[in-house]
Colleague: 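The structure follows.
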Amino acid sequence: MNFKNISISSSKSIRTIYISRQKQLNALNAQTLEELSMCLGQFLEDKDVRGLIITGEGKKSFVAGADIKEFAKYSSNEGLKLSEKGHKTVFDVIYNYPKPIIAAINGYCLGGGLELALACHIRIGSSNALLGLPEVSLGLIPGYGGTQRLPALIGRGRALEMILNGKPITAEQAYEWGLLNHLVDQEDLLDKAQKLAESFSNNSLLAQSHAIAAVNRGLIDPSKGQEEEIKRFGACFQTSDFKEGVGAFLEKRRPDFNNL
Ligand code: CAA
């Protein structure tokens, strides 16, 4: 895969995707989103890939938002399309991805950058990270899921405080509020993300994909979450991973699960 604005590294069954527009603090322009979308599609098909890490190139920024220069002259309809396309091709794809995705937040994590991290399943931040939704300072609102996914994670009051004042919070505050799962020194960030991703890969990916879907369904439509869990719990019983997992337990050996 040859991309202009993203780069990839591999370690074991984990792929790390770097957003690589350092001069623009890794702001997400249309091309970066398109490349991210393609890359997600390819890793979905790749049976050797068990999990992904998304991070920003360099030490200063994860992603400083959507590319303001690109949308500066947009009409209302173009703005609507920008948000709609972003949701469909990248942010919802990450949110519903059947393999675990970890955001490794290495600096500015603003606007669309925080929304990218919110779409991931898990967030690890380095101690220099600053996380915020500054869109109202531009006369906008968050357009890549921030108004929905931030309150779901940290509660309505805290989310609205962040959205209404537009000011970033520190990594310590984000960790305290549950926006970050883990807080580490910058030099340990990728190692921590890699180890966490690897720890997931010992388990059944198929079962993990059902778990992600059940959790997401309940968050999107709380009245349907339990029904989704029951349905997917039942579906697991017909999989070879269930036979392997239970068989391994009974035979006192490590399970050897299939990939998706
Ligand atoms: N879009 C486009 N370019 C950006 C950018 C963005 N979101 N963020 C930074 N850049 C560019 C700057 O324009 C600058 O480029 P030039 O050298 O060509 O002028 C370069 O990156 C470096 O940035 P600064 O000189 O501003 O660096 P700094 O250290 O002084 O400040 C910062 C860092 C506080 C993050 C500041 O760059 C900033 O406030 N950036 C914008 C953050 C923002 O508002 N993000 C939300 C975007 S809107 C959005 O995301 C909508 C949505 O929900 C879909």
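Indexing begins at 1, ligand by ligand and atom by atom, following the structure's order.
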Colleague: State which residues pass ring-ring contact (aromatic ring centres under 6.0 Å, His included) with Tyr74; sequence neighbours excluded, sorted by chain then number.
Modeller: none
Colleague: With no hydrogens and no angle check, is any side-chain donor or acceptor of Arg15 less than 3.5 Å from a backbone partner on Lys12?
Modeller: yes
Colleague: Between ligand 1 and the protein, find all N/O pairs closer than 3.5 Å and give the distance for each.
Modeller:
unit_1: ligand 1; atom_1: 1 (N); unit_2: Ala66; atom_2: O; d: 3.4
unit_1: ligand 1; atom_1: 1 (N); unit_2: Ile68; atom_2: N; d: 2.9
unit_1: ligand 1; atom_1: 7 (N); unit_2: Ala64; atom_2: O; d: 3.0
unit_1: ligand 1; atom_1: 7 (N); unit_2: Ala66; atom_2: O; d: 2.9
unit_1: ligand 1; atom_1: 13 (O); unit_2: Lys69; atom_2: NZ; d: 3.0
unit_1: ligand 1; atom_1: 15 (O); unit_2: Lys69; atom_2: NZ; d: 3.3
unit_1: ligand 1; atom_1: 18 (O); unit_2: Lys69; atom_2: NZ; d: 3.3
unit_1: ligand 1; atom_1: 21 (O); unit_2: Lys23; atom_2: O; d: 3.3
unit_1: ligand 1; atom_1: 29 (O); unit_2: Lys60; atom_2: NZ; d: 2.8
unit_1: ligand 1; atom_1: 45 (N); unit_2: Ala64; atom_2: O; d: 3.0
unit_1: ligand 1; atom_1: 50 (O); unit_2: Ala66; atom_2: N; d: 2.9
unit_1: ligand 1; atom_1: 50 (O); unit_2: Gly112; atom_2: N; d: 2.8
unit_1: ligand 1; atom_1: 53 (O); unit_2: Glu115; atom_2: OE1; d: 2.7
unit_1: ligand 1; atom_1: 53 (O); unit_2: Glu135; atom_2: OE2; d: 2.6
unit_1: ligand 1; atom_1: 53 (O); unit_2: Gly143; atom_2: N; d: 3.1

Colleague: Do Gln186 side-chain atoms and Lys59 backbone N/O form a donor-acceptor pair below 3.5 Å?
Modeller: yes
Colleague: Using the six-membered ring of Phe200, assess whether NZ or CZ of Arg50 lies under 6.0 Å from its centre and within 45 degrees of the ring axis.
Modeller: no
Colleague: Could you check whether the rings of His87 and Tyr144 sit parallel, tilted or perpendicular, using 30° and 60° as the cut-offs?
Modeller: perpendicular
Colleague: Can you see whether Asn77 engages Ser75 through a side-chain donor-acceptor pair at a distance of less than 3.5 angstrom?
Modeller: no
